[in-house]
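I have placed the structure first, in the form of structure tokens, so that the comments after it can refer back to it.
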Amino acid sequence: EGGLVWRGCSTGLDAEDGAAGALGDGLNPGDKLEGSDAAADDPVHLKRRVGLFSGVALIVGTMIGSGIFVSPSGLLERTGSVGISFIIWMACGLLSLLGALAYAELGTMNTSSGAEYAYFMDAFGGPPAFLFSWVSTLVLKPSQMAIICLSFAKYAVEPFVSECEPPVSLVKLVAVISIVMILAVNCYSVNLATNVQNIFTAAKLVAIAIIVCGGAYKLILGNTRHLQEPNFASSTATFGNIATAFYTGLWAYDGWNNLNYVTEEIKNPSKNLPLSIIIGIPLVTLCYALVNVSYLAVMSVSEMTDSEAVAVTFGNRLLGPMAWLMPLAVTISTFGSANGTLFVAGRLCFAASREGHLLDILSYVHVRRFTPAPGLIFHSLIAVAMVLYGTIDSLIDFFSFTAWIFYGGAMLALIVMRYTKPHAPRPYKVPIVIPYLVLFVSTYLVVAPIIDKPEWEYLYAAAFILAGLLVYLPFVKWGYSLPFMDKITVFLQMVLEVVPTSTTFE
Ligand code: ARG
């Protein structure tokens, strides 16, 4: 027994399928959705089946998504200098690595599902943990989905509009269609979703390989002129500009913490979790460095910043009759990432509503398909709204700002627990300067853009996080519920054919 369990309801995915699924974007079929850490007594106990290889694949597969195909132009634009943008790309890799090492301590210390949720619960108690699940289900996951689908749409329409800029409404329409398609896949079956994930992960590696080989070929031919002008002096970077440039870069690295959602399933986690991080993240950093060099081997800085879709321009320059390969590979890669992101989002939603932290209906599953349809639909609706009202860049800023508040929070949780739980077993202990450093950088990342150039997005995000408290007190802490909620729940249950699942281990 190792199926994906929604309150004891097996999805019919067996342990072997789960192992394949573990190669996806943080997919953890078989992960128990229960907060207890008594995995061994659990009737649906987990097989430890993520080894070192799958661990690395999971990290790499989650991190590489849309970012490396859309961010390089934005980063160059924000810094105005090849040299500085390259340094930022590398610094983002380092920051992700350090952050992930701190998460390795947290994840081996508290092995229950829910990552940040569980650490906040341990270190700070209910309200911050609630705020995390509130923000991640309502903001973080849907905005990830919206950004990836907008990138998908950009690449999907680009080949059809040749050199001119594609109409914004067309891009948005295609993005919405892709959200609906991914929703359909995930509501249809868990198996289909994990298969899509694995096949599409391969596509992004192909895309990266084409770019790196193409760039290497150009460099061998001696095309190094754009790389020889680092332009440090011409940089337009300011205090806050650097922070938002980091947002753009860090988006491409996001997902570095995803292995923490499957700690329960890692074989020998105290060794394999840190090791997967130490191998996986530098590997991604290396790929990104090579891809950036390759772009510049083929395009000039202004060509890059003007390009709507760098990888398409790259393909047009280099691949001749095979130019169509590039947008195809990128659309497949982004579709796969969006699929994995929605999959994880559905489960997060489930876990939060099971704790009484979100509406009950969101934790129900479809009667025949066993997919968490209400949660998925809910996420997709928010993602659609974000696609309609946002742009890739504004959403990336909005996302990164919010995400780094919580990544910083996790660092604080680690530091606090070193004092409050000094004797708790820590199979992997990170040098304490690392969380301090990451906490310092994340504070800068959150504060600098607000000081430098206050934008509405930041205010919305902050207000939204705090609004969580207004929901927490009456509905979670004091246990009130709205009088008409039951009727709505029953109505939705009938329309969507979903039921609460009985748990075997609650
Ligand atoms: N880094 C990915 C990209 O460049 C985004 C990952 C989104 N995060 C996640 N946890 N799925 O598209």
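Just follow the structure's listing: the first ligand is 1, and inside any ligand the first atom is 1.
- Less than 4.0 angstrom separates some heavy atom of M63 from each of these atoms of ligand 1: 1 (N), 2 (C), 3 (C), 4 (O).
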Given the rule in the side chain to side chain donor-acceptor pair (under 3.5 Å) test, do T334 and S337 qualify, once you have shown the distances and angles that lead to the verdict? CA-CA 5 Å; T334 43; S337 303; over 6 Å; no
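- Neither the backbone nor the side chain of I147 has any atom closer than 4.0 Å to an atom of ligand 1 (non-hydrogen atoms only).
- Within the structure, ligand 1 has A252 among the residues with a heavy atom less than 4.0 angstrom away.
- Looking at ligand 1, you won't find any N or O of S337 less than 3.5 Å from one of its N or O atoms.
- W251 and S66 are linked by a side-chain donor-acceptor pair at a separation below 3.5 angstrom, with hydrogens and angles left out of the test.
- Using a 4.5 Å heavy-atom threshold, the side chains of F120 and L131 count as separate.
- Proximity of K141 to ligand 1 is established by a heavy-atom distance of less than 4.0 Å.
- Taking a cut-off of under 4.0 Å to the non-hydrogen atoms of G67, the atoms of ligand 1 that pass are 3 (C), 4 (O), 12 (O).
- Counting heavy atoms from C-beta outward, C149 and I182 have side chains that approach closer than 4.5 Å.
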For D393 and K154, run salt bridge (Lys or Arg N to Asp or Glu O under 4.0 Å): C-alpha distance rounded to whole Å, both residues' side-chain angles, the deciding distance at 0.1 Å, then the answer. CA-CA 13 Å; D393 290 331; K154 220 172 174 176; over 6 Å; no
Y407 vs E116, side chain to side chain donor-acceptor pair (under 3.5 Å): CA-CA, chis, key distance, verdict: CA-CA 8 Å; Y407 295 153; E116 289 91 350; 5.5 Å; no
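- Among N257, D254, L342, the residue whose heavy atom lies nearest to atom 7 (C) of ligand 1 is D254.
- Less than 4.0 angstrom separates some heavy atom of T341 from each of these atoms of ligand 1: 11 (N).
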